[in-house]
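This is a predicted model, so every value here is computed, not measured. Every chain is numbered from 1, with letters handed out A, B, ... down the list of sequences.
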Amino acid sequence: MEQSGAAERFEEFVRDYGERAFQFAYRLSGNVEEAKDLVQEAYYRVLRSWDRYDASRSLDAWFFRILRNVFLDSRKRYERRHAVSLDRSPEGVSEDGATYGDLLAGDEEAVLDALERRESAGLVRETLDGLSHEHRAVLTLCDMEGLGYEEIARVLEVPVGTVRSRVSRARRAFRRRMAGRIGARQ
Amino acid sequence: MNCPEFESLSAYIDGEAAPGEAGLVKTHLDGCARCRLTLRTLRTGKASLRALPVPAMPSDLRAVLGSLAPRPLGRGAQAWKGSAPRRGPAATPEAGGFWRTVVREVRAGLAHPVSALSFAAVASVALFFWARGSGMLMPRLDLPADLLMAAHNQYALTVPLAPADKILTDLPRQLAAAGAEERDVY
């Protein structure tokens, strides 16, 4: 029957994407409970818009876009409720790479040394959490999910050139923030 | 020495630099220790993000997502009626009239055993109210059937069956542990 077929397709979708969805949500939020909420909300949105999904387009891109939008919406709700901006930048420094230069060689070595240490995971996580939502999302898609620029462009619905520059700025911001956290001389 | 833009190095480590651009970067790296350091930091940062630990998907989330799957009948099933992802524009109504469509849909619905049982249940309820209205059953009520149904709906929608503190947030998991599903108890 058609309805039981739809149920099977959805169960298959949960099986195939559930784990990845949770990993992506966790990488964005850094928090198990928030990741669970994000995934549930994303699946509710999938249910509501399943009829509008165009099967000729990438299911990955469609679903990750939903997840990312759920994440950004949750951040906006938090900011509205608490009258704060969660878009944290290093103090006095914009995360727009055009407004500040790159690291000095000594700082670069310090960052590399910190990254190569076995116990760097906590520092990496803290640094990532301190980035803006957009920078965190693009690094999650590129470095953690391993998506190519074209796929990221489909998820974010921006040109490939925008992805390329956004990834670059996110990495600048990541390096600057890490250098600041490890107290490197700037 | 003209070092390439940071964005070029960033795209290079992702394998997203244009062919000519990649060749220039590669040639430049042979003679520039500073850029080699930057490249190494970028690659290590990318690998560190990729290696960030992610917990396994919690089992209660898996259960919740599984419970979202559409059922042949019951709550939420109407949203899934005939809903595969569309592969093109929505189908236009079949020529030949509204009633032919209704009869076809009813026949298709009654072909399913659960649909047939539900139709029988609804028909029985309708017959009951008709019988009461005609005085065949006692006690006789003077209220019209649709008013009774509306009152029942209002009660069901506005009066909770259980106090808020009795509502189980992990109901699907507990039912699954007892070997039951939501459709067994709804």
- request: Could you check which of A:Glu145, A:Arg125, A:Arg164 has the highest count of heavy-atom pairs closer than 4.5 Å to chain B?
  value: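 The residue among A:Glu145, A:Arg125, A:Arg164 with the greatest pair count is A:Arg164.
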
Does [X] belong to the same Ile/Leu/Val/Met/Phe/Trp/Tyr cluster as [Y], with side-chain heavy atoms less than 4.5 Å apart forming each link?
{"X": "B:Leu9", "Y": "B:Leu37", "answer": "no"}
{"X": "B:Leu42", "Y": "B:Leu24", "answer": "no"}
{"X": "A:Leu112", "Y": "A:Ile182", "answer": "no"}

- prompt: What option among B:Ala51, B:Pro55, B:Ala47 has the most heavy-atom pairs under 4.5 Å with chain A?
  reply: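 Most heavy-atom pairs within the cutoff with chain A belong to B:Pro55.
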
Test item: [X] and [Y] side chains (from C-beta on) under 4.5 Å apart, heavy atoms:
{"X": "B:Asp14", "Y": "A:Arg171", "value": "yes"}
{"X": "B:Leu49", "Y": "A:Phe174", "value": "yes"}
{"X": "A:Cys142", "Y": "B:Lys46", "value": "yes"}

Counting only non-hydrogen atoms closer than 4.5 Å, does [X] touch chain B with its backbone (N, CA, C, O), its side chain (CB onward), both, or neither?
{"X": "A:Arg27", "answer": "side chain"}
{"X": "A:Tyr149", "answer": "both"}
{"X": "A:Leu128", "answer": "side chain"}

message: I'd like to know whether CD of A:Glu126 has more than 12 heavy-atom contacts from other residues, nucleotides or ligands below 6.0 angstrom.
response: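 Yes.
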
- prompt: Quick check: are there more than 12 heavy atoms from other residues, nucleotides or ligands sitting under 6.0 Å from CZ of A:Arg57?
  reply: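 Counting neighbours around CZ of A:Arg57, 12 or fewer heavy atoms of other residues, nucleotides or ligands fall under 6.0 Å, so no.
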
Can you tell me how far [atom2] of [Y] sits from [atom1] of [X], rounded to the nearest 0.5 angstrom?
{"X": "B:Leu65", "Y": "A:Tyr17", "atom1": "CG", "atom2": "OH", "answer": "14.5 Å"}
{"X": "A:Arg175", "Y": "B:Thr41", "atom1": "CZ", "atom2": "OG1", "answer": "5.5 Å"}
{"X": "B:Leu61", "Y": "A:Glu19", "atom1": "CG", "atom2": "CD", "answer": "9.5 Å"}
{"X": "A:Arg169", "Y": "B:Phe6", "atom1": "CZ", "atom2": "CZ", "answer": "12.0 Å"}

- request: For A:Glu116 and B:Arg40, run side chain to side chain contact (heavy atoms under 4.5 Å, CB included): C-alpha distance rounded to whole Å, both residues' side-chain angles, the deciding distance at 0.1 Å, then the answer.
  value: CA-CA 10 Å; A:Glu116 286 180 335; B:Arg40 198 166 141 209; 3.0 Å; yes

Looking only at heavy atoms, what is the nearest atom pair of [X] and [Y], with distance?
{"X": "B:Ser10", "Y": "A:Ser168", "answer": "OG-CA, 3.7 Å"}
{"X": "A:Phe22", "Y": "B:Ala56", "answer": "CE2-O, 3.5 Å"}
{"X": "B:Ser48", "Y": "A:Val124", "answer": "CB-CG2, 3.9 Å"}

task: Any chance you could lay out the side chain to side chain donor-acceptor pair (under 3.5 Å) test for B:Glu7 and A:Ser165, step after step, and finish with the verdict?
output: CA-CA 6 Å; B:Glu7 187 177 305; A:Ser165 61; 4.8 Å; no

query: Under the side chain to side chain contact (heavy atoms under 4.5 Å, CB included) criterion, do A:Lys36 and B:Met57 qualify, and how do the steps go?
result: CA-CA 9 Å; A:Lys36 281 163 62 175; B:Met57 184 172 171; over 6 Å; no

query: In terms of side-chain geometry, is the basic nitrogen of A:Asp143 or B:Arg50 positioned less than 4.0 Å from the acidic oxygen of its partner?
result: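 Salt bridge between A:Asp143 and B:Arg50, a charged N being under 4.0 Å from a carboxylate O: no.
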
